[in-house]
Number of protein chains: 2
Amino acid sequence: MATGRTHRPATRSRGIPEATVARLPLYLRALTALSERSVPTVSSEELAAAAGVNSAKLRKDFSYLGSYGTRGVGYDVEYLVYQISRELGLTQDWPVVIVGIGNLGAALANYGGFASRGFRVAALIDADPAMKGKPVAGMPVQHTDDLEKIISDNGVHIGVIATPAGAAQQVSERLIAAGVTSILNFAPTVLSVPDGVDVRKVDLSIELQILAFHEQRKAGEEAAAVAGAADDVVTPPPLRADTAAAAAAAAASRKGPDGDVPAVMPA
Amino acid sequence: MATGRTHRPATRSRGIPEATVARLPLYLRALTALSERSVPTVSSEELAAAAGVNSAKLRKDFSYLGSYGTRGVGYDVEYLVYQISRELGLTQDWPVVIVGIGNLGAALANYGGFASRGFRVAALIDADPAMKGKPVAGMPVQHTDDLEKIISDNGVHIGVIATPAGAAQQVSERLIAAGVTSILNFAPTVLSVPDGVDVRKVDLSIELQILAFHEQRKAGEEAAAVAGAADDVVTPPPLRADTAAAAAAAAASRKGPDGDVPAVMPA
DNA sequence: CCATCTTTGTGCACGCGTTCACAAAGGCAT
DNA sequence: ATGCCTTTGTGAACGCGTGCACAAAGATGG
C-alpha cells in the first residue's frame, strides 16, 4: 500500500476504529465481486480469504457495524454491500476536483475506479493557461483563477492535489478556504492544514523506498548466508565522521552495498 | 496516504520497526530539502515539524538506527541523509519494470520521483501488441512475451503492476517466477504471493472512500448540531431486508456505489 | 421437538507503536 | 575549569490493533 493518514489523530469516529474503516473498502470490493457472480451468502472465512485478511479480524470489523450475519450461515452479500456502502457514505455522489493536470492528474481523470465508486469528477483545474479549455478525459481543463467558484458552484468537499510539490501547500489553502474539507494529496510534501480537514497522502516514491529497504535486507541476508560469518553487511562499522565533508568523502569511497553516492536528489 | 503493506506480517527486520521504516523516506525528503538549502544541522524538533511528525517519535525512530545526533546541537544533515539512504538501500540503483502501460503506467513512467531516488525504470511492458515499440517516456514499450527475459537480463527485483485488475495476479506470478521479490501493486486486487515476496498496494479509490467516510461523518455531525436532536442521521433505521432480492432492489435503486461496472482500469 | 453441526460475535491476552518525561551528554560562555 | 543551557536518547506507561478460542445462536435433518 501507499502511505497513510496524516495529522488526524485517529478520531475513532463514532466508535469505528480507523483501522477498520480502512479495511471496509477492501471488503466492499470483494463483496461487489461476489454480488456480480450472484453469490447469495458468504462466510467470514471465505470473504476474509477474498479480501486477504484474517477471518477473526473481519468478524470483529463487522461487529462494529452491527450484527449483520446469521450464525451457521454467514453474511447476506447484497445486504452487506448496502450496509458497508452506507457506512462509508457511498450511497451519495461525491463531486471531486482534481488540481494539477500533468501526467498523473490526467491519469487520475481517466481512472474509471472513481466514477464506479460514487465519486464524480466535477472539474479539472490547472495553473497553466495553455491547458485552459483543453479536453482531458472528455472534460475541459479550467484555470486555477476560477478554483473558488468551481468549488462552491459544485458543492465540492473533496479535492485531489496532483500538482508539483512546490504548489501543493498553496493549492490546499485555496481549496480549504473555498470549502474543501478532505484532501487526497499526491504531491510529495507535507501539507499543513487546520483542524477539521482530513488529508490522506499517496507517495509513489515512498512506497518504492520501503520495498527497497526490505529488498536490501533480503539481499543482505542472502549474502550473509553465502559468505558465512559476514556479520556487518547490514550494519557496517559506525565510521562516524565529524564533518559533513568527511562523511560525504567516506560515503563516496565505499563501493559495496552501502557505498555509492548518497542520494542527493529529492523525490 | 494510500493503502498499506500486505501479507508480510511485520517482520521487524533487524530490529527496525515497520512503522519506523515507513517514516524514514519522509525524514529523508525533509533532510534533502534542508541539504539543498545548505543547512548544516537540524534539531529533532525542527525536523519533526518539517516531516509532520512528533519529535519524540522522530528521536525514537533515529535511535533504532544508532546514535547519530549530538546533544545540545542536533543532527548533522548531510550525515543523516547518508545514513538513512544507506539504511533504505538507496545508495544503490534499483532497476524496476512497469507492467501495464495504460494511463497510469504511462504517468508512472514519466514520474520524475523514481529516477531521483535511486530507482531506474529498466523497461515498460504491456500485453497489447499495438503498444509494442511505441515510445513512452522516451523508452520503447516491450511486449509481455519477453517479460522473463527482460527481468533476468536487467537483474530486476522490483516490479510495478499497473494493469487492469483481471491481469494482475497472473502478471505477479510471472514476475515472481522470473525473479522479482518486491511488487508495488496499483491494480485493485488482492495479490496472493509466496512467502519471501513483499507486496505493497496503492489503491486510489480506497483512499477516496476513506475520505468519504470522514466527510460523511462531518456532514452528519453538522446536520445533527443544526437540527438539534437529530440522532440517527448517521445510523438510519435498520431497514434490515429479509431477502437478498429486497436488499438488491434497494441497492439498485440508487445510482452510485454498488451497481455500476467494476473498476476495470487500475489506479 | 430434539440433537447436531456450522458459523457468528466477542471476551481476553498479547504485542506493537506512541507519547511523556527525564536523566545523561555535550557545547558554550564566563 | 566550572556551571549553565540545550537537546538527545530512552525507560516506562498507555492505548490501539490483532488473533485466539469459545460460548451463544441459529439452521438443518431426523
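Proteins get letters first, then strands, A, B, ... in listed order; numbering begins at 1 in each.
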task = Return the set of residues passing salt bridge (Lys or Arg N to Asp or Glu O under 4.0 Å) with B/Arg59 (not counting sequence neighbours), or none when no residue passes.
result = none

Between B/Glu18 and A/His214: side-chain donor-acceptor atoms closer than 3.5 Å = yes

query = Can you check whether B/Ser192's main-chain N or O pairs, donor with acceptor, with B/Gln169's side chain at less than 3.5 Å?
reply = yes

request  = Ignoring the backbone of A/Ala56, work out which of D/dC20, D/dT10, D/dG17 is nearest its side chain.
outcome  = D/dC20

query = Does OP1 or OP2 of C/dA21 have a side-chain N or O of B/Arg59 closer than 4.0 Å?
reply = no

ask   = Are the side chain of A/Lys60 and the backbone N or O of A/Ser55 linked by a donor-acceptor pair below 3.5 Å?
value = no

message = Can you tell me which nucleotide in D/dG17, D/dG19, D/dA21 comes closest to the side chain of A/Asn54?
response = D/dG19

Atom-pair distance (CD on B/Glu18; C1' on C/dG15), nearest Å = 15 Å

query = Expressed in angstrom and rounded to an integer, what is the separation of A/Ile16 atom CD1 from D/dC16 atom P?
reply = 15 Å

A/Lys60 side-chain proximity, nearest of C/dG9, C/dT18, D/dG19 = D/dG19

key: B/Ser67, nearest nucleotide to its side chain (from C/dT10, D/dG9, C/dT8)   = D/dG9

request  = Give a yes/no answer on whether the side chain of A/Ser44 brings an N or O atom under 4.0 Å of OP1 or OP2 in C/dT8.
outcome  = yes

task = Among D/dT8, C/dT18, C/dT8, find the nucleotide with the atom closest to the side chain of A/Ser43.
result = C/dT8

request  = Return yes if the base of D/dG17 and the side-chain atoms of A/Lys57 contain a donor-acceptor N/O pair under 3.5 Å, otherwise no.
outcome  = no

query = To the nearest Å, how far apart are B/Glu46 CD and D/dT6 P?
reply = 14 Å

query = Is B/Tyr75 near enough to D/dG9 that one of its side-chain N or O atoms lies under 4.0 angstrom from OP1 or OP2?
reply = yes

key: Between A/Phe114 and A/Tyr111, ring centroids under 6.0 Å   = yes

inquiry  = Do A/Ile183 and A/Arg200 make a side-chain contact, defined as non-hydrogen atoms from C-beta onward lying under 4.5 Å apart?
reply    = no

Hey, what are the protein-to-nucleotides 25-30 of chain C N/O distances that come in under 3.5 Å?
| from | atom 1 | to | atom 2 | distance (Å) |
| --- | --- | --- | --- | --- |
| C/dA25 | O4' | B/Arg71 | NE | 3.4 |

inquiry  = Checking B/Tyr75 now: which residues fulfil ring-ring contact (aromatic ring centres under 6.0 Å, His included) with it, not counting sequence neighbours?
reply    = B/Phe62

inquiry  = Can you measure B/Leu65 atom CG to D/dT8 atom P for me and round it to whole angstrom units?
reply    = 15 Å

message = Could you work out, with side chain to side chain donor-acceptor pair (under 3.5 Å) as the rule, every residue matching A/Thr20, not counting sequence neighbours?
response = A/Asp61

query = How about B/Glu78 and B/Tyr82: does a side-chain donor come under 3.5 Å of a side-chain acceptor?
reply = no

query = For the helix from C/dC1-D/dG30 to C/dT30-D/dA1, what angle lies between the axis at the first five pairs and the axis at the last five pairs, to 10 degrees?
reply = 10°

task = Provide, to the nearest angstrom, the distance between the CG atom belonging to A/Leu58 and the P atom belonging to C/dG9.
result = 10 Å

Any residue meeting side chain to side chain donor-acceptor pair (under 3.5 Å) with A/Asn185, in chain and number order, not counting sequence neighbours = none

task = Calculate the interatomic distance between B/Tyr64 atom OH and D/dG9 atom P; express it in whole Å.
result = 14 Å

